Amino acid sequence: MRKYLASPLLADLMKGYNERSGNRMVASVYYGARQVTSGKPLQRPEDFRDLRLYVPDAAAYQLFATALDAKPVSLPFNSLYGALKKNEVEAQEHPLGTVRAKQLYEVQKYVQLTGHIYDTLGIVIGKAAWARLTPAQQAMVEKTLADTAKWTNVGVIASELEDEQFLRGKGMTVQPVNRLPLLERVTKRSTPEQMGARPGDFAKLQALAGAAN
């Protein structure tokens, strides 16, 4: 993620967004890796079969559930805690910071470190607001927000490790999983291009992931 946030690939994607929208995306902020929590261990793709798994109502999140033959459940986020407590939903996926902040450790026992989606948020200035700034103001605002985003990214990455320890302290079992079988299931169901990626972008992303530090 650190490599991606500083990569020419992200810069090119941001440039394309700016050109097509007329807005100004000045930075991208890491939001966190999405992990699965549950009331029972989930180590293999087969463990997800028929599992009532909460996922947001968006294509990429839904794909993760359906590719593993789980039963995707979408409901208002403020209803999630109660649904887990009543076992109307058996598992859910969010960044660990959300699990901690919303006290989902009270109604879930396991954290599977699936890291199946890495979320980012764009810092975007609307077209009209950007146009009202002078070139000097634009440069100042862009630099300030970009610098702030870098420190935010460092903080989020560090907090994920702290969240793991916090959740263990609350009695949750935090466990890694073999992500490769999960990835294979997902890629059999859909290609990055079918999900809206430009041809070649996924290969560039994989090259970043495999690059030496």
Side-chain angles (χ1 to χ4, degrees), residues 1-36 55-65 67 74 77 93-101 113-163 179 182-183 186-187 189-213:
M1 178 53 65
R2 286 185 286 108
K3 295 171 187 174
Y4 170 69
L5 290 169
S7 70
L9 172 59
L10 175 59
D12 188 46
L13 292 170
M14 289 170 57
K15 178 182 177 182
Y17 169 81
N18 293 341
E19 290 174 348
R20 294 190 65 174
S21 69
N23 300 323
R24 184 73 177 182
M25 184 182 293
V26 297
S28 186
V29 176
Y30 179 47
Y31 184 69
R34 301 185 77 90
Q35 319 286 8
V36 175
V55 289
D57 188 16
Y61 304 106
Q62 294 279 321
L63 173 62
F64 173 71
S74 296
F77 181 65
E93 55 88 60
H94 269 104
L96 296 184
T98 302
V99 177
R100 177 176 180 173
L113 297 176
T114 53
H116 53 279
I117 292 179
Y118 289 80
D119 274 338
T120 61
L121 302 174
I123 301 178
V124 179
I125 301 173
K127 180 179 180 180
W130 186 252
R132 287 196 296 269
L133 301 177
T134 66
Q137 290 172 331
Q138 290 176 347
M140 179 183 66
V141 167
E142 191 158 27
K143 183 180 186 307
T144 300
L145 290 176
D147 289 346
T148 303
K150 290 178 183 178
W151 282 109
T152 301
N153 294 334
V154 171
V156 173
I157 292 170
S159 70
E160 288 185 307
L161 299 176
E162 295 173 0
D163 291 336
R179 298 170 64 212
L182 304 181
L183 176 62
V186 172
T187 53
R189 295 290 181 96
S190 180
T191 67
E193 288 77 17
Q194 287 171 334
M195 297 298 292
R198 299 178 305 181
D201 278 352
F202 185 68
K204 293 176 183 177
L205 192 60
Q206 292 299 292
L208 284 174
N213 289 323

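Start at 1 with the first residue, then count along the sequence. All values derive from a computational prediction rather than experimental measurement.
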With a 4.5 Å limit on heavy-atom distance, are the side chains of [X] and [Y] in contact?
{"X": "R2", "Y": "I157", "answer": "yes"}
{"X": "L5", "Y": "S28", "answer": "yes"}
{"X": "V26", "Y": "V124", "answer": "no"}
{"X": "R100", "Y": "P95", "answer": "no"}

Item to complete: Go through the steps for K127 and W130 under the test side chain to side chain contact (heavy atoms under 4.5 Å, CB included), then give the verdict.
Response: CA-CA 5 Å; K127 180 179 180 180; W130 186 252; 5.9 Å; no

Practice prompt. Give the intermediate values and the outcome of side chain to side chain contact (heavy atoms under 4.5 Å, CB included) for residues V29 and T120.
Written response: CA-CA 5 Å; V29 176; T120 61; over 6 Å; no

Minimum heavy-atom distance [X]-[Y], with the two atoms named:
{"X": "A149", "Y": "I123", "value": "CB-CD1, 4.4 Å"}
{"X": "A59", "Y": "M195", "value": "C-CE, 3.7 Å"}
{"X": "D201", "Y": "L13", "value": "OD2-CD2, 3.7 Å"}
{"X": "L145", "Y": "A27", "value": "O-CB, 4.3 Å"}
{"X": "R189", "Y": "L63", "value": "CB-CD1, 3.8 Å"}
{"X": "Q62", "Y": "S74", "value": "NE2-OG, 3.0 Å"}

Item to complete: Just jot down the salt bridge (charged side-chain N to carboxylate O under 4.0 Å, His left out) partners of K15, sequence neighbours excluded, or say none.
Response: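 Salt bridge (charged side-chain N to carboxylate O under 4.0 Å, His left out) list for K15, sorted by chain: empty.
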
Worksheet item: Is any NZ, NE, NH1 or NH2 atom of the basic residue among R24 and E142 found under 4.0 Å from an Asp or Glu carboxylate oxygen of the other?
Response: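 Between E142 and R24 there is a salt bridge, with a charged N closer than 4.0 Å to a carboxylate O.
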
Item to complete: Decide yes or no on side-chain hydrogen bond (donor to acceptor under 3.5 Å, both in side chains) for H116 and E93, but give the supporting numbers first.
Response: CA-CA 9 Å; H116 53 279; E93 55 88 60; 2.7 Å; yes

Practice prompt. Take K3 and S7 through the side chain to side chain contact (heavy atoms under 4.5 Å, CB included) test and state the conclusion after the steps.
Written response: CA-CA 6 Å; K3 295 171 187 174; S7 70; 5.9 Å; no

Worksheet entry | Option among Y31, Y30, Y61 that satisfies the side chain to side chain donor-acceptor pair (under 3.5 Å) test with D119 |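 Looking at Y31, Y30, Y61, the match for D119 under the side chain to side chain donor-acceptor pair (under 3.5 Å) is Y61.
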
Item to complete: Kindly indicate, with the supporting measurements, whether the criterion side chain to side chain contact (heavy atoms under 4.5 Å, CB included) is fulfilled by L208 and K204.
Response: CA-CA 6 Å; L208 284 174; K204 293 176 183 177; over 6 Å; no

